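Okay, so here's the structure we're looking at.
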Amino acid sequence: MKKQVLLWLLSGVLFLNACQNNTIHNETASMTFTISEKPFGQINGDTITQYTITNPQGMQVSIINYGGTVTNLLVPGRDHELGDVVLGFDSLSGYLQKANPYFGCLVGRYGNRIAKGKFILDGQAYQLTLNDHGNTLHGGVQGLDKVIWQASKPAGDSSLKLTYTSKDGDQGFPGNLVIEVVYTLSSDNALQIAYSATTDKATPVNLTNHCYFNLSAGKQNTILDHEVMLQAEKFTAVDSLLIPTGQLPDVKGTPMDFTTPKKIGAELAAVKGGYDHNWVLKRKGKDLEKIATAYDASSGRFMEVFTTEPGLQFYTGNFLDGTLKGKQQQKYQQHAGFCMETQHFPDAPNQPSFPNTIVKPGESYRSLTYYRFSVK
Ligand code: BGC
């Protein structure tokens, strides 16, 4: 009995201590989930709204309905202090600038590259808009990252549902594609992203999210000291424009080997341009599985990635160059953040041996990814 009282007192002291150490935590700590909203600027007379979900632990995610973009993700570190672990901007104008490198947004209709923006489906040739050295990247010139999504709040205050209908012919893709993305915070500090879509004509679909993580929450200028594990023994080899050659080389004995945790910077210099590749995930089946982790020893933050997808684009912010002014005037230098984009493989519509990305009428595209945070 005495022991129980002591434990109870101790947990109270720890809780109070955690609250004192952290003003944000103090303001938001509640025993339930909450969701709030506030205006985040305007696009041609349409108000963009920022929604903030808070879980009972105080973890918070903020999402705007422009691009379905995660603008902030506040996660506790070892010292219980909440830190924002994603790169981004303080205002809508930041996200609207041409140089925005897909910070935090939803990506589609086809995440990653399609060679020359061409594919043939059911005997018909399609040409997509080109936006990356003669290829199509992340769905084309105006992908799902650059549209206004319809937001609604399902019951429970832990989720935000975003819907968008991409019309037949949008960016050159066939079919009216009705897309739904549900962002949910769980009580065990995971951000869950559930994607679904239906179409009225066969069409390639590959949806993902493009958060740039820095688990130190800005305390480290780069992510080179983060330790990463990728559950993958192969990757999709690419040419100089990052288009798959069709080969799936083994990672063993190469800088691409992250089968056991390794600092991102350990062998990055040996990879021309830095890491920007799709790893072929080693999976047991098609269900949700843990396939990657990242750890920042300085803050203690540990991220685990779970997905139903067969691939993961691990991108180390190679094209960041210090010219973008991010949140609180931070200058995001090269490797300031990394992305773990769960996905099907790049250019699958032109690579018959890659897992299928074609969704047909009557079928339902479904994909689920969790980013779960804890401390070590
Ligand atoms: C791609 C990079 C690209 C970046 C855009 C990543 O998903 O793999 O090549 O530069 O997105 O910021």
Side-chain angles (χ1 to χ4, degrees), residues 67-71 86-89 94-117 128-146 171 193 195 206-214 222-223 228 230 232 235-245 256 258 264 268 271-281 292 294 305 307 309-326 332-348 351 354 357 367 369 371:
T69 303
V70 173
T71 56
V86 293
L87 309 192
F89 302 104
Y95 290 97
L96 293 176
Q97 67 187 297
K98 212 162 176 243
N100 172 10
Y102 296 87
F103 277 160
C105 57
L106 294 175
V107 167
R109 291 185 184 195
Y110 198 97
N112 219 316
R113 292 169 174 83
I114 295 185
K116 301 193 170 63
L128 307 174
T129 58
L130 305 173
N131 58 346
D132 190 59
H133 308 284
N135 298 310
T136 301
L137 174 67
H138 296 336
V141 172
Q142 204 191 8
L144 300 179
D145 58 296
K146 295 182 184 66
Q171 307 307 305
I193 315 176
Y195 307 82
N206 192 25
L207 305 178
T208 191
N209 173 277
H210 213 285
C211 275
Y212 285 66
F213 298 99
N214 182 325
T222 76
I223 43 73
V228 159
L230 304 176
F235 68 101
T236 47
V238 286
D239 68 14
S240 61
L241 292 180
L242 301 174
I243 298 294
T245 60
M256 307 301 277
F258 283 93
I264 295 176
L268 179 134
V271 180
K272 204 165 172 249
Y275 296 109
D276 191 359
H277 298 77
N278 170 66
W279 269 257
V280 176
L281 299 173
V305 185
T307 191
E309 287 295 308
L312 179 116
Q313 184 83 5
F314 175 51
Y315 169 57
T316 47
N318 313 325
F319 298 114
L320 300 175
D321 60 5
T323 52
L324 277 178
K325 245 194 222 133
Y332 295 133
Q333 65 181 74
Q334 194 180 37
H335 310 310
F338 66 90
C339 302
M340 286 190 174
E341 304 156 55
T342 53
Q343 57 175 10
H344 272 57
F345 302 176
D347 203 27
Q351 293 282 351
F354 287 1
T357 54
S367 173
T369 293
Y371 298 96

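These figures come from a predicted structure and were not determined experimentally. Counting convention: from 1, in listed order, for ligands and their atoms alike. All residue numbers in this chain count up from 1 along the given sequence. Just the heavy atoms: all of them, side chains too, but no hydrogens, waters or symmetry mates, feed the values below.
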Pairs touching residues 97-109 that satisfy salt bridge (charged side-chain N to carboxylate O under 4.0 Å, His left out), sequence neighbours left out: none
Distance under 4.0 Å, heavy atoms only, partner ligand 1: which residues pass? Pro101, Tyr102, Arg113, His138, His210, Tyr212, Leu242, Asp276, Gln313, Tyr315, Phe319, Glu341
Among residues at least two apart in sequence or on other chains, which ones pass salt bridge (Lys or Arg N to Asp or Glu O under 4.0 Å) with Asp321? none
If you take the centroid of each ring, where Trp contributes its six-membered ring, are Phe314 and Phe258 closer together than 6.0 Å? yes
Donor-acceptor contact present, side-chain Thr316 to main-chain Tyr275, <3.5 Å: yes
Asp145 side chain vs Leu106 backbone, donor-acceptor pair below 3.5 Å: no
With sequence neighbours left out, what residues match Thr71 under side chain to side chain donor-acceptor pair (under 3.5 Å)? Gln50
